[in-house]
Visitor: 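Here it is, the structure in full.
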Amino acid sequence: MVDDRRAEEPPDEGAGVLVDRLKERIYATITMIAVVVGLSLGEVGPPGAVATVITTALGLWLAALVADQQAHRTVHGRLATGHELRRMLYVSSPLLSCAVGPGVLIALAALDVLTLHTALLAAAGVEVVSLFLWGCLGGLRLGGGVAWAVVAGLLDAVIGVAVALVKAAAGH
């Protein structure tokens with residue numbers, strides 16, 4: 001007799017959490033590219049730029065928590081607590097970290113180390129490079145070698161920039 005219980009078991013929780021955290025980080029990165037590009041096209045000073053970056057990150061994080069809690073409540077008929085709530089907080093925390101790079105660069109602009117426009121474009125560039133690197137890592141994990149990793153990285157960066165530009169053009 002064959003034991004079919006393994007087919008019914010959920011996927012590895014640890015890997016699932018990492019996938020969910022990375023998904024949030026990538027989503028936040030694409031959103032932050034749109035935000036800093038939009039800011040670079042407008043008339044804003046360092047205080048306004050950093051406020052926008054921080055409120056964007058906080059807004060993304062709170063929206064993710066509300067959505068997770070609402071989905072949990074709808075499916076399970078109760079609020080997430082304990083382990084479930086800690087998982088939600090852990091998974092969504094990369095949404096906050098997306099503000100760090102742009103925040104540091106905007107702070108440098110506030111200190112007159114570079115212009116705000118340069119800081120915002122540099123922040124967008126750093127975020128694009130991170131998309132490229134995550135894509136490269138994914139390509140390497142697929143086992144296609146360095147060439148495939150570079151192609152995957154370039155595709156992820158191009159798609160991320162395209163999405164960010166659409167968001168920026170729409171005023172998001």
Visitor: Establish whether Ile54 and Leu62 are linked, either directly or via other cluster members, by ILVMFWY side-chain heavy-atom contacts under 4.5 Å.
Guide: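 Same hydrophobic cluster.
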
Visitor: If every non-hydrogen atom of Pro94 is compared with every non-hydrogen atom of Ser97, which pair is closest and at what distance?
Guide: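 Taking every non-hydrogen atom into account, O-OG, 2.9 Å.
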
Visitor: Of all heavy-atom pairs between Leu116 and Ala49, which one has the smallest distance, and what is that distance?
Guide: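 Heavy atoms only, the tightest pair is CD1-CB, 4.1 Å.
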
Visitor: Look up atom CD1 in Ile26 and atom CD1 in Ile159, then write down how far apart they are to the nearest 0.5 Å.
Guide: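 One gets 11.0 Å once the value is rounded to the nearest 0.5 Å.
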
Visitor: Write down the atom of Pro46, the atom of Ala110, and the distance for their closest heavy-atom approach.
Guide: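 Pro46 and Ala110 have their closest heavy atoms at CB-CB, 3.8 Å.
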
Visitor: Would Val128 end up clustered with Leu22 when hydrophobic side chains under 4.5 Å apart are linked, directly or stepwise?
Guide: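 Same cluster: Val128 reaches Leu22 through Ile, Leu, Val, Met, Phe, Trp or Tyr contacts under 4.5 Å.
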
Visitor: So, Arg25 and Ser130: side-chain donor and acceptor under 3.5 Å apart, yes or no?
Guide: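 Per modelled atom types, Arg25 and Ser130 side chains form no pair under 3.5 Å.
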
Visitor: When rounded to the nearest 0.5 angstrom, what is the spacing between CZ in Arg73 and CZ in Arg78?
Guide: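 So the CZ of Arg73 and the CZ of Arg78 are separated by 12.5 Å.
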
Visitor: Report the distance from atom CG of Asp156 to atom CG of Leu137, rounding to the nearest 0.5 Å.
Guide: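 Separation between the atoms: 10.5 Å.
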
Visitor: How about CZ on Arg141, more than 12 heavy atoms from neighbouring residues, nucleotides or ligands closer than 6.0 Å, or not?
Guide: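 Open: at most 12 neighbouring heavy atoms sit under 6.0 Å from CZ of Arg141.
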
Visitor: Are any of the side-chain nitrogens in Arg87 or Asp68 under 4.0 Å away from the carboxylate oxygens of its partner?
Guide: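 Salt bridge flag = no for Asp68 with Arg87.
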
Visitor: State the NE2-CZ distance between His83 and Arg86, to the nearest 0.5 angstrom.
Guide: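 So the gap between those two atoms works out to 7.5 Å.
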
Visitor: Within the 4.5 Å heavy-atom criterion, are Arg21 and Glu24 side-chain neighbours or not?
Guide: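 Counting from C-beta outward, Arg21 and Glu24 never come under 4.5 Å.
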
Visitor: Rounded to the nearest 0.5 Å, how far apart are CG of Leu85 and OH of Tyr90?
Guide: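 The CG atom of Leu85 sits 15.5 Å away from the OH atom of Tyr90.
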
Visitor: So which pairs with a foot in residues 127-162 pass ring-ring contact (aromatic ring centres under 6.0 Å, His included), sequence neighbours left out?
Guide: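 Every pair satisfying ring-ring contact (aromatic ring centres under 6.0 Å, His included) with a residue in residues 127-162: there are none.
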
Visitor: With a 4.5 Å cut-off on side-chain heavy atoms, are Leu95 and Tyr27 touching?
Guide: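 They are in contact (side-chain heavy atoms under 4.5 Å apart), so the answer is yes.
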
Visitor: Any donor and acceptor pair, going by atom type alone, linking the side chain of Thr56 with main-chain N or O of Thr52 inside 3.5 Å?
Guide: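 Pair found, side chain donor or acceptor close to backbone of Thr52.
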
Visitor: Can Leu96 be reached from Leu60 by stepping across I, L, V, M, F, W or Y side chains whose heavy atoms are under 4.5 Å apart?
Guide: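 The answer is yes; both residues are in one hydrophobic cluster.
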
Visitor: Do Leu120 and Ile106 have side-chain heavy atoms sitting under 4.5 Å apart?
Guide: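 Leu120 reaches Ile106 side chain to side chain.
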
Visitor: Is there a continuous path of hydrophobic side-chain contacts, each under 4.5 Å between heavy atoms, that joins Leu131 to Leu165?
Guide: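 Same hydrophobic cluster.
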
Visitor: Quick check: closest heavy atoms across Ser40 and His117, and the distance to 0.1 Å?
Guide: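 Scanning both residues, the minimum pair turns out to be O-ND1, 3.3 Å.
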
Visitor: Is there a side-chain contact between Glu127 and Val36 in this structure, where contact means two heavy atoms from C-beta onward sitting under 4.5 Å apart?
Guide: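 A side-chain contact is absent here, since even the closest heavy-atom pair is not under 4.5 Å.
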
Visitor: Do Leu39 and Val53 come within less than 4.5 Å of each other through their side chains, counting heavy atoms only?
Guide: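 Side-chain contact under 4.5 Å: yes.
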
Visitor: Which atom pair, heavy atoms only, marks the closest approach of Cys98 to Met32?
Guide: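 Cys98 and Met32 have their closest heavy atoms at SG-CE, 3.5 Å.
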
Visitor: Give the cluster check for Val161 versus Ile30: same hydrophobic cluster or not, with ILVMFWY residues linked at side-chain heavy-atom distances below 4.5 Å.
Guide: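 Hydrophobic grouping puts Val161 with Ile30.
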
Visitor: Can you pull the ring-ring contact (aromatic ring centres under 6.0 Å, His included) pairs that have at least one residue in residues 42-74, sequence neighbours excluded?
Guide: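 Found His72-His76.
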
